[in-house]
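Just so we're on the same page: letters track the sequence lines, and every chain starts at 1. Just so you know, these numbers use all the heavy atoms, side chains as well, and skip hydrogens, waters and symmetry mates.
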Amino acid sequence: MNPTRVRTRVAPSPTGDPHVGTAYVALVNYCFARQHGGEFILRIEDTDRARSTAESERVILEALRWCGLEWDEGPDVGGPFGPYRQSERSSIYASYAERLLVSGHAFKCFCTPQRLEEMRVAQRAAGLTSRYDGRCLTYSAQEVAQREAAGEPFVVRLRVPDEGVCVVNDLRRGPIEFEYSSVDMQVLVKSDGMPTYHLANVVDDHLMEITHVFRGEEWVSSAPKHLLLYSYFGWQPPQLLHLPLLRNPDKSKLSKRKNPTGILFFRAMGYLPEALLNFLALLVNAVRDGEDELLDLPAIVRRFDLEHVPIGGPVFDLAKLDWLNGRYIRERLDPPGFVQRVAEWAISPERLTRMAALAAPRIERLSDLGPLLAFLFSGRLALTAQSFESAKLDALSIRRALSLGLTEFDKLATWNVFAIERAIGRIAAALGKKSRDVARPFYIAITGSPTSIPLYDSMELLGRDLVRERLRNALDLLGTPSKRELQEWESLLQSDEAVV
RNA sequence: GGCCCCAUCGUCUAGUGGCCUAGGACGCCGCCCUCUCACGGCGGUGACGCGGGUUCGACUCCCGCUGGGGCUACCA
């Protein structure tokens, strides 16, 4: 019916560590494209200047490659529809925003953040949908020109009808109806001139000739805005399918405070990429009764079935991943292959060199190496609440310190000894304790012992994901902070930051 | 609060009105194999959230409730 070649994309935002949900979404897009002999594109959505980093982009690409997914077009491999990095396409978005402005489908808005905030608070208090009230829509052309000439900062907003219904056709969910009156007049161009996701994603999907968009469920509620944009531009929108969000065991959205979420975590933990991808594939399309669950990528693509992609949010079941990974290790790896994987995993020459340098001054026999460095080759450590009794701090301070570590470490732009040391320093200051005393429980949580090779080096070597895992584990042992505690403790840190 | 999505064993799911006294996988339990453990084999535990309809017949269709989730930013 439609002779157009199938083109799908995954569009991660380089604002943090690669998320396993990104791999999940990428896999679906990959499978569909491959199954139809189409193209799978990787696009970087870095329109958030404040949060996007080149390092994050690099790591995300590396992580997706590690998973075994290859894209046909992308910022690193190029392609006929480039550039594939939104920050390099500013002029394109500007011209399309201008088009909307001219046609009256968008307008300049000079409202201050404070006014918007007050408006929303009032709307919510009145039990209404929070939605831009259209004040700047009442200004005359001259008034807009005047304000602009006066140097007033402004954003460009999408004009949304006050009445009528928008129908979003989801490939699996069917038609979803939204009253336009419940759709906000989204900002399309920020005051810094950068487009928001909404504008950029629509323009790019059109220009890059994307035919099918498989994306996370969190986008359902902004689909009407996107559809509106397509219609304003006179473009044919792509087919949409919203995939369920991966969940924590308590069914909430998978979050790194509670669970491993980073692709890098799985690598650091010693999962094989084939197993991870296989596990995700099982979440996308379950096997038939009696069919083997061990599937390589070609098999995953072959049996991919759009009609049977689930829409209920699955809990990410680590136990099942463990089982699958075990099968890969014992069924798919021959001895040389196994050795190679182990080498890639943890004993690269660089890593070994670094470990040796840290360990050598502290041992008397080579055989001391095993116990001293075992924690660097382990997943979960065998700790109990008693393990922390040798720490200098009181129980509450320990929990506070570890919990603050969990949040502080995630804020670090780069993961190295220096940054880690400063983070610990900040935590110590926030708690009014000495750094060395605060470091003690971290030694125990991370290395398994109060005496070990240097903590900060160990943490860098172990990687942020494994450190996070160990802190989570320690906190589980000592008592996971309640929501209230978490809030109180965080404020401790914030007030400290304000002083600095 | 408002808008939207979802709902089968603890978990992932099969099931698209009769094939279902609901099937498979992970987990858990037991037995077997075995120098330990693991693997492997065999068996077991265990679910259609609730209430109304529709129908000769509902896990399957409709409505309500309840529960869970997402969004509600000049973040994506």
Side-chain angles (χ1 to χ4, degrees), chain A residues 11-16 19 21-22 43-52 56 86 109-113 116-117 120-132 153-157 166 168 170 172-174 176-184 186-201 215-225 242-254 279-294 307-308 310-327 329-331:
Chain A
S13 172
T15 54
H19 195 278
T22 304
R43 184 172 72 219
I44 293 295
E45 309 241 337
D46 56 350
T47 53
D48 184 341
R49 274 183 174 150
R51 297 196 305 147
S52 298
S56 172
Q86 292 186 327
C109 171
F110 299 89
C111 292
T112 63
L116 294 172
E117 181 55 26
R120 288 183 190 118
V121 169
Q123 285 168 334
R124 184 181 260 245
L128 302 168
T129 300
S130 84
R131 177 180 198 256
Y132 182 64
F154 67 89
V155 298
V156 175
R157 281 184 190 276
C166 174
V168 175
D170 183 281
R172 284 283 288 120
R173 293 160 208 258
I176 303 170
E177 294 190 356
F178 292 85
E179 293 280 347
Y180 277 124
S181 60
S182 74
V183 177
D184 200 3
Q186 255 295 329
V187 170
L188 298 177
V189 180
K190 309 176 214 177
S191 55
D192 67 356
M194 286 293 272
T196 57
Y197 167 86
H198 305 284
L199 208 218
N201 131 79
R215 65 196 337 180
E217 191 183 356
E218 75 265 38
W219 297 109
V220 171
S221 51
S222 40
K225 298 164 193 167
H242 294 92
L243 299 163
L245 263 17
L246 269 20
R247 311 281 186 89
N248 293 311
D250 69 2
K251 304 278 189 181
S252 57
K253 176 163 97 168
L254 197 61
F279 174 75
L280 293 174
L282 255 18
L283 253 30
V284 176
N285 289 132
V287 295
R288 297 255 140 206
D289 291 3
E291 189 185 354
D292 191 358
E293 290 194 299
L294 219 66
E307 301 296 310
H308 287 86
I311 49 182
V315 170
F316 196 95
D317 185 10
L318 273 174
K320 180 130 186 189
L321 208 213
D322 286 341
W323 168 79
L324 250 187
N325 202 57
R327 283 197 61 188
I329 289 175
R330 72 184 93 91
E331 294 177 31

Tell me whether the guanidinium CZ or amine NZ of A:R157 lies under 6.0 angstrom from the six-membered ring centre of A:Y132 and within 45° of its axis.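 Relative to the ring axis of A:Y132, which defines the angle, A:R157 lies inside both limits.
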P atom, B:A22 versus B:C59: distance in rounded Å?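 Nearest-Å result for B:A22 against B:C59 at atom P: 11 Å.
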In the strands shown, is B:G30 matched to any nucleotide by a Watson-Crick or G-U wobble pair with both distances under 3.5 Å, and which?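 When the pairing criteria are applied, B:C42 turns out to be the nucleotide that pairs with B:G30.
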Partner nucleotide, any strand, of B:A7 [Watson-Crick/G-U, under 3.5 Å]: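 The answer is B:U66, by the H-bond criterion.
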Check if the side chain of A:R173 and the base of B:C5 share a donor-acceptor pair of N or O atoms closer than 3.5 Å.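 Per atom types, no contact qualifies.
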Should the side chain of A:S191 and the base of B:C74 be counted as holding a donor-acceptor pair, with the cut-off at 3.5 Å?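 By the distance-only test, yes, there is a pair.
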Can you confirm if the aromatic rings of A:W323 and A:F279 lie within a centre distance of less than 6.0 Å?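 No, too far apart.
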Is there side-chain contact between A:T196 and A:N201, with at least one heavy-atom pair below 4.5 Å?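 Contact flag for A:T196/A:N201 side chains = no.
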Check: A:Q123 and A:S130 side chains under 4.5 Å, non-hydrogen atoms: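 Result yes, sub-4.5 Å side-chain heavy-atom pair found.
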Map A:E179 and A:F316 onto RNA chain B by nearest heavy atom, then report which one ends up closer to the 5' terminus.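 Residue closer to the 5' terminus by nearest nucleotide: A:E179.
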First of A:I176 and A:D184 reached from the 5' end of RNA chain B, by closest nucleotide: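 With A:I176 and A:D184 compared, the 5'-side residue is A:I176.
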Of all the nucleotides listed (B:A76, B:C74, B:G15), which has the minimum atom distance to the side chain of A:T47?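 The answer is B:A76.
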Minimum-distance nucleotide to A:E218 side chain [options: B:G70, B:C5, B:U16]: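 The closest nucleotide is B:G70.
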Each nucleotide N or O in nucleotides 44-47 of chain B that has a protein N or O under 3.5 Å away: list the pair and distance.
none

Between A:F110 and A:F154, what is the ring plane arrangement, given parallel below 30°, perpendicular above 60°, and tilted in between?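 Rings of A:F110 and A:F154: tilted, as their planes differ by 30° to 60°.
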Close N/O contacts between protein and nucleotides 22-26 of chain B (under 3.5 Å):
unit_1	atom_1	unit_2	atom_2	d
B:G23	O2'	A:D289	OD2	2.5
B:G23	N2	A:D289	OD1	3.4
B:G24	O4'	A:D289	OD1	3.4
B:A25	O2'	A:E293	OE1	2.2
B:A25	O2'	A:K320	NZ	2.9
B:C26	O2'	A:K320	N	3.4

